[in-house]
Amino acid sequence: QDLQVRAAESNGWLLTARDLQNEVVLIWRDGGRLVREQPVQLDVRGDMRVLIDGPGALRTELALDLQSYNRPVETFVLRLPPHTTLVTGNAQGYEVSDLTDPDADVRTDRQTVQISLQKPSTQARLQLTTQSTAEAAQSEQINVANYEVIGALRQSGQVSLWASEDWLVDWSLGPSVRRVAGPDRIEGLEERKELATFEYFRQPCDLEVQVAPQGTRKEVEPQYRMQISEDRVSLEARLRYRIRGARESFLEFDRNDWQL
């Protein structure tokens with residue numbers, strides 16, 4: 001009873017007990033040296049290109065640059081924004097495992113994946129692609145920047161929004177996000193153009209976008225050719241239209257008493 005264990009002067013342990021009335025068997029074993037592995041000190045730099053194809057239809061091309069300051073990175077856990085799923089599977093250099101609870105509510109829970117590097121390294125660059133889920137169409141605003149590497153020491157990066165003229169895109173910024181001047185680009189991306197570029201300084205962060213159909217804007221450049229005779233006036237008109245925003249299936253114009 002009243003067993004006590006304390007360190008001895010000779011780098012050992014001293015065990016004392018009182019009121020031992022029966023035979024006592026003492027067994028011990030060498031516990032070895034306990035080594036606690038320090039967590040990875042990870043610095044993550046993200047570059048996100050968000051391609052907007054309509055309300056609830058978003059695709060993101062994500063590049064993550066990892067820098068470890070104490071030991072090589074073997075695995076890390078990435079949490080995606082709400083209503084977002086990873087569409088790239090295992091790629092050259094890394095493997096992806098889905099950690100999301102199969103019984104999770106897809107309307108509220110976020111997908112979480114574990115990424116394992118095939119060759120542990122203190123520096124790594126990964127290319128990932130994600131897309132919005134069906135639930136995103138039911139949400140007025142979608143957070144497009146909340147890609148969080150769990151336990152990272154620092155997280156920062158840039159987000160650029162791309163859309164065609166068919167869509168009106170509005171955004172709201174959280175406290176750790178600001179708009180910045182984007183790089184000069186001569187060419188667009190397919191039929192999209194760059195709308196804005198933002199910087200974030202930590203994760204999680206908030207950059208929410210709202211997408212609506214763009215109102216139709218029309219521009220017309222007319223050219224007229226008139227021929228006048230004694231009993232007839234003929235007018236040849238060429239109308240060059242440029243339509244921006246939502247597409248139209250027909251055009252209307254007033255003939256002003258002219259006969260076709």
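- Taken together through direct or relayed side-chain contacts under 4.5 Å among Ile, Leu, Val, Met, Phe, Trp and Tyr, Leu153 and Val149 form parts of separate hydrophobic clusters.
- Remark: side-chain polar atoms of Arg202 are paired, donor with acceptor, to backbone N or O of Pro204 under 3.5 angstrom.
- Panel note: side chain Ser132, backbone Gly56; a donor-acceptor pair is recorded below 3.5 Å.
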Given side-chain contact (heavy atoms from CB on, under 4.5 Å), test Arg110 with Asn146 step by step and report yes or no. CA-CA 10 Å; Arg110 297 163 56 184; Asn146 195 355; 3.3 Å; yes
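- Checking Thr85, Thr130, Thr84 one by one against Gln111, the side-chain hydrogen bond (donor to acceptor under 3.5 Å, both in side chains) holds for a single residue, Thr85.
- Under the salt bridge (charged side-chain N to carboxylate O under 4.0 Å, His left out) criterion, Arg154 pairs with Asp43, sequence neighbours left out.
- A 4.5 Å side-chain heavy-atom check between Val177 and Asp206 finds every atom pair outside the cut-off.
- Side-chain heavy atoms closer than 4.5 Å link hydrophobic residues (I, L, V, M, F, W, Y) into clusters, and following such links, even through other members, never connects Leu168 to Val144.
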Between Arg45 and Gln158, is the side-chain contact (heavy atoms from CB on, under 4.5 Å) condition met? List the steps. CA-CA 8 Å; Arg45 176 75 182 177; Gln158 281 196 345; 4.0 Å; yes
Set out, in order, the CA-CA distance, both residues' side-chain angles and the distance that settles side-chain contact (heavy atoms from CB on, under 4.5 Å) for Thr60 and Val159, then state yes or no. CA-CA 10 Å; Thr60 299; Val159 185; over 6 Å; no
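- In this structure, Val180 shares a hydrophobic cluster with no other residue, the cluster being traced through Ile, Leu, Val, Met, Phe, Trp and Tyr side chains under 4.5 angstrom apart.
- The number of heavy atoms from other shown groups lying within 6.0 Å of CD (Glu140) does not exceed 12.
- In this structure, the side chains of Pro120 and Glu74 come closer than 4.5 Å at one or more pairs of heavy atoms.
- Within the 4.5 Å cutoff, side-chain heavy atoms of Leu58 are placed close to those of Val209.
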Worked verdict on Leu128 versus Leu78 for side-chain contact (heavy atoms from CB on, under 4.5 Å): CA-CA 11 Å; Leu128 305 170; Leu78 176 65; 3.8 Å; yes
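- Within the 4.5 Å cutoff, no side-chain heavy atoms of Trp162 are placed close to those of Glu61.
- The other members of the hydrophobic cluster of Leu99, by chain and number, are Val77, Ile150 (side-chain heavy atoms under 4.5 Å, ILVMFWY only).
- Evaluation of the salt bridge (charged side-chain N to carboxylate O under 4.0 Å, His left out) test over residues 114-123, restricted to residues two or more places apart or in two chains, returns none.
- Heavy atoms only, all atoms of each residue included: Trp167 and Pro213 are closest at CE3-CA, 3.7 Å.
- Side-chain contact between Leu66 and Phe76 is present, with at least one heavy-atom pair separated by less than 4.5 Å.
- Among residues at least two apart or in separate chains, salt bridge (charged side-chain N to carboxylate O under 4.0 Å, His left out) pairs with a member in residues 121-130 are Asp65-Arg125.
- Contacts of Gln123 classified as side-chain hydrogen bond (donor to acceptor under 3.5 Å, both in side chains), with partners at least two apart in sequence or in another chain: Gln67.
- Side-chain contact check for Glu236 versus Arg238: some heavy-atom pair is nearer than 4.5 Å.
- Closest of all the heavy-atom pairs between Arg179 and Trp171 is NH1-CZ2, 3.4 Å.
- Smallest separation of non-hydrogen atoms from Pro72 and Val40: O-CG2, 4.5 Å.
- A 4.5 Å side-chain heavy-atom check between Arg192 and Asp53 finds at least one atom pair inside the cut-off.
- Inter-residue side-chain proximity for Thr129 and Arg59 is flagged as met; some heavy-atom pair is nearer than 4.5 Å.
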